[in-house]
Each structure stands twice: as C-alpha cells, then as structure tokens.
Amino acid sequence: MTATHVHRATADPAGEAIAARGRRRTRRIPYLLLAPTAAVLLLVLGYPWLWALYISLTRWSATDLGPRTFIGLDNYLRIVQSSDFHNAVRLTVLLVIVTVPVQLVLGFVLASVLNTDLRGRVVFQTIYLMPMMVVHVLAGVAWRIMFHPYSGVLTYALSSLGVPDPGFMTNENLLILTAAVGEIWCNTPLVVIILLAGLRSMPQELLDAARVDGAGWLQMNRHVVLGYLRPFIQFAVVMQVMFELRAFDLVYGMFPDGGPGKGAQVLGIYLYQSFTRTLDFGFSSAVAVALLVVTLAGTGWLVRRASRETREGAAVA
Amino acid sequence: MNELTRRRFLSMTGGAGLALAAATGGVAVTGCGRGDAGGPLRLLTESSPGGEPAQAAVALFNERAGSAVIQVDAVPNADVQQKMILSFARGTGEYDLVTMSIAHAAAVRNYLLPLGEYVERDGLDLGGLVGDRLVIQEKGEPIAIPYSQATNVFAYRKDLFEAEGLQEPPATMSAWREVARRLTKGPAEERRPFGASFRGDSSTWSYLMLKYLFYPHGVRILTDDLREPDPSLQSDAAIEVLEGVRAIVLDGSTPTPTAWSYTDNIVAWQQGRMATSNFYSARPAAIEEPGTSQVIGQVGYTLGQGVPTAAQQGVPAPPAGPHRPAYAAGPYFVGVSAASRNPDQAWEFAKFLTTDRSVQETIVDRTSQTPGLLSVLEGERFRRKNPAADVIVGAVRDHGMIPELIPQMPVVYDAIHAQMQELYSGAPARAVAAGLHDAIGQTLDGLQ
C-alpha cells in the first residue's frame, strides 16, 4: 500500500492568513498567561537580587556615612579567605549528608505505614505531619530546652539510663548532629507527603503482577515500589537538599550564636551574622550571593540528573 | 481560544495588573512617606524590659500634654539595631527619637542630631547624670544622653555563707575560688547549689562577664581611642582574673559556661541552686521576686572581686592593672534622629526622659531599671526598690563607670567569646590573655 499524500489546495489566501493569525495568537497564549506572574516575580525577586548583586560589589557599611564605593570582587575575596565561611560550608554540607538520607528512609517508612488500612490511620497521619505546622524557630527553641545539659528532658532521660550527656549543646563537634535531629523532626513530614502521594498513585496492577511473578516483600519494595517512586524520591531529594542548604530558623532557635566554637554556624547563620555583626551591606550581600551559588550548585546538579533520567525513561517507553 | 474568551482573558489580566500596580504604588507611597511635621513624634524602643522606662516616660509625657504627642514603636531587642540602621540609612525620617543600649548607640552615632545647642540653650547640667562621661559625644558634641543606668553587682547567699562559717564575700579571685569550691554541693550531674556561674552561651555575655571582672582590677579591653586592644590585657592583673575563672570552672563549681544562659542563671538563683555570681544590677529584683523566689532576703550584694572590695575589707589587694579600678557601665541612651522633622519637640522629650525627676522616679517605681539621674539613684525611693542599691550607688559615686562605644562591637565580642571558650576548656590563662589581645587587635584592624 502506498502512502497517499493529500494536498489540500489552498483556494482562499485570506482565510489562510486569518488561520495563521489565529495560530500565532494560540502560540502566544501561554506566554500571556504567564506574564502577570513573571512580572510579579521579576519585581519581587529579580529586582532585590540584582540590587544585592550590585551592592556585593561595593563597600557600603551602615555605620559609615560615606558614599558607596565600587570595589569589584573584594567582598568575595574576603569570603573565600574567611575561615568562618569555610567552616559554615563544611557544617552545611555535613548537615545535608546527615539529614537527607535519614529523612528519606524515615519518610518512606512512615508513608508506607500511612498507605495501609491501619486502624486510626488518620490520627497517625495528623501526628506525623504536625511537625510541619510548627514554626521552625520555636521548634528550635524547644529542642534547645530538651537538650539542655542541666534541665533538659532528653538529657535527664539519658542520664537515668546511665548515659551521660555527651555534650549535645556544649561539644562543638556534636552541635551539628544535635541540629540535625531537629531538622529531621521538622522536615521529614514533607518527604512523607511526597512519597505518600507517590504510593497512592501507584497502580495496584504493578504490585499484583509482581506477586503473581513470585516476588517477596523485599523484592517488591526494592524493585517495584522504589522503582515506581523514583521520580518522587528525586523530587524529595531536591527539595530537602535545598531546604537543608538554606537551613536557618531551626538552627538559629537552637544555637542563636552559632553555638560553642561556632559548631553549628551553618551558612544561613553565617549570612545572618555577617550583617548583624558588621552592619556591612556590601559584605553581607556578597555572602547572600555566595549562598545562592552554593544552593544552585547543590540542587542544580540533582535537577539536571533527574531531568536526564526522566527523558531517558520516556525515550525507552 | 475564541474571540470572546480572548477578550475576557485580556480584560481580566489587564484589570489584575492595574490592581497590582495600584497596590504597589500605594504601598510605596505609604512606606516612603515621611511623617507630617505637625503630627505625633515616633519613638523607637525595645519592647521590654530595656524599653520599659522609655515607654513609661512616654505615657507620662502624653498625659501631661493631654494627647498622644509621642507614638511608640517597641520591638524586640534583637531587632532594634537593624530597624534603626535601616530606617536611618533610608533617610526617610521614620523615627524622631530612639532609645538604645551602648552597642546600638555606637552603631547609629552617625545618624543622631548633635544636641550641644539644645543643652546650652536650656542650661542643662549633664553632670547631674550618672557619670557625665557616659554622655555619648561625637566631635565634642553630645548626641545621646543616658536616662537609665546599670552596672555589675556580685550576689551571694548569706545563709550558705553563714552555714559554712564564711564571714565576708570574696574580695579576690583566689578567695572566690575557695568559696565556690566550699559551697558547691551534690554530685556533678545535679549540683545543689553550684558555687558560682559564668554566662558564656553567647558572645555578648562572654564580653560582659570579662568586663565585670577586668574593670575592678584596673584592666581595660580597648584603648581610650577604641582603636586597639589595651596593653593591660596581658598584665598580671588580667592573668590573675583569667586564671581565677579557669580554676573555678575546672573545679566543677560552675555549670558549663557555654550552655549557661542569663535566664538559666536567674532561675537557678530563684530555685536556690546558685551560691554566688555576678549580676546585671537591675536583676536583684528578679532573683528575689515574691511568689517565685525561694531566696528572698537571703541574698547579699557587693562590688565583686577587685581592688576596691579588697580595700573595703582590708585584705591584701590583688594584682592591679595600670588603670583606675572602675565598673562596667550599661546605660540606655536617648537620641534625636538627624532626620527628624520636629527636632525641637523631640529634644523636649529627650530632656524630659533624662532629667525630669518625676520621670526618673517613675522609672524606679514602675520598672526594674536603674535611674540615670544621680539624685534619684541616691534617694530613698531607689534604695527601697532595689536590694543592691547601696552597691550600685557605691560603684557610681565612689568609683565611676566606664562604657565602651565601638561601631561593630559584636565582632569584638566574637573574638572574646572564642578565647573565653578556650579558657573554659582549660587553656592556660597567660595564653588566653595573649590570645585576647591578638584576636581583638586583628578584629579591629579588619574594621578599619
């Protein structure tokens, strides 16, 4: 059978022109729909960022009445040479490495529990998701009180079990792990929500087919469930890495000064203190830009990798 | 999309855009607009407790004027400096008056109106204040005037001293170490009481703790021009102080300083779990609060360890630094914004707050703060209100108080904080003294 190409003779040029205008208008519609939001975002986000970028290239201190002086990359040089910045980057990366895997594992377990017909599931769901509704800085203060070496309920409970306080709030090498406990408590519910949505969207046929093929519980979860949840997990990883790179409020509630020996001075706290300590607009703007770069670097790679895997998966399908 | 839908969409979008533009413009006009010259004055102060005196004074001022001549914007202490700086840097005249602590005053000194002309015109005697040295000057003119004072007092449990057969509170660091060791009772995980305490959970408190101890020993932290670390930081007197602190901490007589906050200390005192410590002079009322405290009437107060106390007790004087022994000042100031649209009336309130006797008495009656007018400080009203009144008067009248006013004090606090943490961990006092001098020097070099 040969392919038959049908040529539609264009007998009406005017009609074709009208149709072409209509097609152009149709192509413009998505941009028109996005325009108001884009305008607001440009105004609210873009302008301040451009301004911060400009200020970061100047010497401008709130205590100095002199005019702003363009100094190029001097502020960035100060950051790169600052041992406090290196410490903050190290602690932030450590926080991400400790919290994100734990949040994923815990989130998956909790989401799996909530995806069953467990009696009282709604009550458990409310309890598991409650940490998300707490103001993070207050949660940080609460954790600080609970870990207090002399009056903390957690340290008291441990001491009654014969476990002395290892210095949750005083040992500078442990502070970031103490902060990680609070971060995990606060941020795991978001992972639960994402993974629960994934689990609930999973077609039952996949599981049935796996059972028919003789898959056990472990094989089912490992190859079927986690495989299906892969895009959801990737999304959760990107979100949590982004949140932990920008961690501030809960850590500040626990360690307002960055903790003994600056053992909890993550990048968010470093940025906050860079202004409140020095009143230097230029330097603190440069720190803000540096934090943005770190966040983009950390999450950008993850997003690109996830997109590539999605495209490859779609191509195979 | 058909024509009707397209028109509907465009009109909705256009309408939404206009509404947004109108709202944004309205916010901009409102936010950037300067106050009406004839309208109420705006005062920026702390919400509490540092802002209590100013707020009480505003209530009285408005009462006498018969209308709300002054409006108060009270914000948490941590936000005051930023709010001040940002409003002053914008130059919008948002505030006419501002009350501030020493650190805040140092940060905004460039934005305050010189008051010399007003002081001279009204014949104001700034020497009647608690130490005219504490008036902040810029190029020889006063720019902020203290209205509320504070210094350091040493508190001790009279009943515990009596039980241990101790006659006098410790006048030297070595005596304090001995007293702290004797008074510390109970196992390490549950002392009841602790013999002493140092607050080191924040850099501000590390600085204050050091100031409380150094000044009465004749040691200073900065030179008079505030540009360099003072050489006395490495004197025998400074090393004696640091060694005393180190020994008290390592003896186990104190809670871990890096985890011990200001609030922890007050609560511990109220619960009878603390035997001695240095205190901000406004706080004795808190540690003996009726209905809360278990130590009412059992706490004594002195000037603390150092040359003056040793002289009073007739004990051998500790090593003395090169400076005159004095006490750390912690006043609150009031200043008039250089961008105020009604500076004359703003000055009237500033004068009222700082020198009106009834206002100063209200500060004593209604708040836990210390007045800034010497005559009220020495009067019976204050003596009745604050259990440590005699000590405070002695510190002010007999020995004098010293402030420090550098623009970026928090970074200097940080430098001190790091060194004090080394000390609490057991680093030798001599090394910490050298470390303090070098760290502060490097920090100040970085600021200039």
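Values reported hereafter were calculated over all heavy atoms of this structure, with side chains retained and with hydrogens, waters and symmetry mates removed. Residue numbers start from 1 in every chain, and the chains themselves are labelled A, B, ... in the order their sequence lines are given, proteins ahead of strands.
For B:D264, the part lying under 4.5 angstrom from a heavy atom of chain A is the side chain only. Heavy-atom distances place both the backbone and the side chain of A:T170 under 4.5 Å from chain B. Neither the backbone nor the side chain of B:A418 comes within contact range of chain A, judged by heavy atoms closer than 4.5 Å. Looking at A:R144, only its side chain comes within 4.5 Å of chain B, counting heavy atoms on both sides. Proximity to chain B is absent for every atom of A:T155, based on heavy atoms less than 4.5 angstrom apart. Contact of A:P260 with chain B is made through backbone and side chain together, with heavy-atom distances under 4.5 Å. With a 4.5 Å cut-off on non-hydrogen atoms, A:Y156 does not touch chain B at all.
Of the N and O atoms on the side chains of A:H86 and A:S83, not one donor lies less than 3.5 Å from an acceptor on the other residue.
A 6.0 Å sphere centred on CZ of A:F70 holds more than 12 heavy atoms belonging to other residues, nucleotides or ligands.
Put simply, the side chain of A:V98 reaches to within 4.5 Å of the side chain of A:L177, judged on heavy atoms. The closest side-chain heavy-atom distance from A:D165 to A:F147 is not below 4.5 Å. Contact annotation: the side chain of B:F198 approaches that of B:V245 to within less than 4.5 Å [non-hydrogen atoms, C-beta and beyond].
Looking at A:D74 and A:R59, no side-chain N of the basic residue comes within less than 4.0 Å of a carboxylate O on the acidic one, giving no salt bridge.
Ring planes of A:Y54 and A:W51: tilted class, angle from 30 to 60°.
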Could you please spell out the steps behind the salt bridge (charged side-chain N to carboxylate O under 4.0 Å, His left out) verdict for B:R227 and B:D445?
CA-CA 8 Å; B:R227 287 180 177 276; B:D445 284 343; over 6 Å; no

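Against chain A, no residue from residues 268-276 of chain B qualifies, as none has a non-hydrogen atom under 4.5 angstrom away.
For the pair B:R199 and B:W205, the distance from NZ or CZ to the six-membered ring centre is under 6.0 Å and the angle to the ring normal is within 45 degrees.
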